[in-house]
Amino acid sequence: MEKKSKNIGKKWIYWFSFAMAVILIYKVLDNYSEIKDWISNFFRIIMPFVIGIIIAYLLYLPSKKIENVYKKVKLIRKKSRLLSVMTVYIIAIVLFLLIIRFVVPIISQSIVDLVNNFQNYYNLTVEKINELPDDSPLKSEYLINLVEEFKNIDLKQFVNVEKLTKYAQGAISIASGIFDFFVSIIVSVYILLERTEIVGFIKKLTKSIFDEDIYNNINKYFDRTNEIFLKFLASQFLDAIVVGILTSVAMSIMGVKYGVLLGFLIGLFNMIPYFGAIIAVTISIIITFLTGGISQAIWMAVVVIILQQIDANIINPKIVGDSLKISPLLVIFAVTIGGAYFGFLGMFLAVPIVAVIKIVLIDYINYKEKTKKVWNRKYRKK
């Protein structure tokens with residue numbers, strides 16, 4: 001009788017929970033616009049904190065390395081963390097000001113100049129193609145149609161002085177949220193200063209919720225994931241800067257017009273494994289062909305491909321190392337899926353995410369194989 005009453009009680013709890021879930025789903029769907037607005041407002045309010053966390057995460061590795069250096073000096077050992085955070089922010093601010101002062105004006109001017117002269121470059125390209133002999137491969141119907149398609153592109157609708165002014169005004173209006181900006185900086189500073197206490201609290205909370213085995217697994221995968229993302233982000237960013245500077249210098253020496261802009265483009269796209277370099281180099285060859293002719297485009301392509309090979313075989317392995325340890329096929333698959341669903345950010349983050357998934361899967365397979373062997377030994381003896 002007691003067992004029957006327990007079963008009835010369990011059924012009532014089940015059906016009550018099910019009914020509450022149905023009501024909750026109905027209310028969410030019925031008030032979807034209001035809930036969506038509430039969620040949007042909530043994320044807008046906490047966005048400074050999210051940005052602060054991202055800034056702290058990006059600056060964590062250089063801050064830690066500088067702190068380790070300061071710890072070796074006896075006089076400042078006790079203040080090593082505070083000094084390391086101050087140092088890393090000073091370096092970041094100086095780099096930001098240098099980019100704003102020297103790089104941004106050159107790139108902006110190059111973009112405006114390219115857009116304003118695009119029609120002239122197109123007309124010059126058409127003239128050069130028409131001067132070629134009839135049996136030239138560059139006079140094929142496909143290439144002629146492709147050149148015609150370029151004529152229909154109106155870059156001024158995307159980038160002109162009026163549009164750039166509007167973009168600048170938009171950037172100024174975003175930057176006018178001084179309060180949010182300072183909140184983000186303050187949050188990032190406090191996270192960097194108190195990271196040991198924050199991580200310790202999270203670990204204690206996790207340990208109190210889960211049993212020891214689950215906690216150990218969470219702790220293990222958190223540390224490994226964090227290590228992969230930090231290494232990948234830092235190494236790819238540094239590699240992109242090195243490639244961008246080398247390419248910009250090489251193009252400037254060759255007299256390639258918009259060399260700094262194209263070098264910056266190649267460096268930026270180089271952060272996307274495999275596809276990034278191909279896309280950026282193709283765009284650079286087309287622009288160089290339009291602005292400097294076919295011979296300069298060929299020489300530029302040769303130099304950039306050589307630099308890419310030096311990067312792929314010497315620079316990148318030295319910077320990145322074998323921290324991710326995933327096959328090129330898996331990288332191409334990850335970048336394709338990430339780009340299709342999440343755009344540029346998806347292409348960039350797809351590789352470390354797949355590296356983490358691979359680690360989890362390998363550990364799971366090893367665990368199942370180990371369990372299977374134990375089970376076979378146990379029951380074969382019987």
Side-chain angles (χ1 to χ4, degrees), residues 99 101-161 163-164 239-272 274-313 315 344:
I99 290 168
R101 174 66 181 84
F102 296 105
V103 180
V104 171
I106 296 171
I107 292 172
S108 301
Q109 186 57 45
S110 297
I111 292 170
V112 173
D113 186 60
L114 175 63
V115 170
N116 290 335
N117 291 291
F118 183 78
Q119 189 62 43
N120 295 332
Y121 295 139
Y122 170 79
N123 293 335
L124 186 64
T125 303
V126 171
E127 285 178 15
K128 286 181 178 179
I129 290 173
N130 290 332
E131 289 172 3
L132 294 170
D134 293 334
D135 59 346
S136 173
L138 292 174
K139 252 191 170 181
S140 67
E141 187 179 349
Y142 173 75
L143 285 173
I144 291 170
N145 291 335
L146 187 64
V147 172
E148 283 293 327
E149 285 296 320
F150 274 103
K151 186 180 180 182
N152 299 325
I153 299 173
D154 183 15
L155 291 179
K156 289 186 179 181
Q157 66 176 314
F158 302 107
V159 185
N160 55 36
V161 176
K163 287 276 184 183
L164 286 173
D239 184 59
I241 292 173
V242 172
V243 171
I245 292 171
L246 288 175
T247 310
S248 297
V249 171
M251 287 189 180
S252 299
I253 292 170
M254 291 173 65
V256 175
K257 200 166 185 180
Y258 315 121
V260 175
L261 172 63
L262 297 178
F264 172 79
L265 181 73
I266 290 170
L268 180 66
F269 274 75
N270 209 61
M271 295 176 77
I272 302 171
Y274 292 98
F275 291 117
I278 295 168
I279 294 167
V281 171
T282 303
I283 293 170
S284 300
I285 290 170
I286 292 169
I287 292 173
T288 306
F289 172 70
L290 292 172
T291 57
I294 189 166
S295 62
Q296 191 178 54
I298 291 169
W299 279 110
M300 188 278 294
V302 170
V303 171
V304 170
I305 289 169
I306 290 170
L307 287 175
Q308 287 289 339
Q309 289 302 311
I310 292 170
D311 173 60
N313 294 292
I315 299 171
F344 182 85

Roughly how far, to the nearest 0.5 Å, is [atom2] of [Y] from [atom1] of [X]?
X      : Y      : atom1 : atom2 : value
Ile241 : Leu246 : CD1   : CG    : 12.0 Å
Ile279 : Leu268 : CD1   : CG    : 11.0 Å
Phe269 : Thr282 : CZ    : OG1   : 10.5 Å

Which atom pairs, one a donor and one an acceptor, fall under 3.5 Å between side chains of residues 283-293 and the rest of the protein, sequence neighbours left out?
residue	atom	partner	partner atom	Å
Ser284	OG	Ala280	O	2.8
Thr288	OG1	Ser284	O	2.7
Thr291	OG1	Ile287	O	2.8
Thr291	OG1	Thr288	O	3.4

Residue pair [X] / [Y], side-chain heavy-atom distance below 4.5 Å:
X      : Y      : answer
Asp311 : Leu307 : no
Ser252 : Val260 : yes
Leu262 : Lys257 : no
Val303 : Met251 : no
Asp113 : Tyr258 : yes

**Closest non-hydrogen atom pair, Val304 against Ile266** = CG1-CD1, 4.0 Å

**Which atom of Ser248 lies closest to which atom of Gly244, heavy atoms considered** = OG-O, 2.7 Å

**Message:** Tell me whether the count of non-hydrogen atoms from other residues, nucleotides or ligands lying under 6.0 Å of CZ in Phe264 goes above 12.
**Reply:**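 No, not enclosed.
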
**Item:** For Ala240, all residues meeting side-chain contact (heavy atoms from CB on, under 4.5 Å), sequence neighbours excluded
**Value:**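 For Ala240, the residues satisfying side-chain contact (heavy atoms from CB on, under 4.5 Å) (neighbours in sequence not counted) are Met271.
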
**Message:** Between Gln296 and Gly255 (side chain of the first, backbone of the second, donor and acceptor by atom type, cut-off under 3.5 Å), is there such a pair?
**Reply:**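 Between the backbone of Gly255 and the side chain of Gln296 there is a qualifying donor-acceptor contact (under 3.5 Å).
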
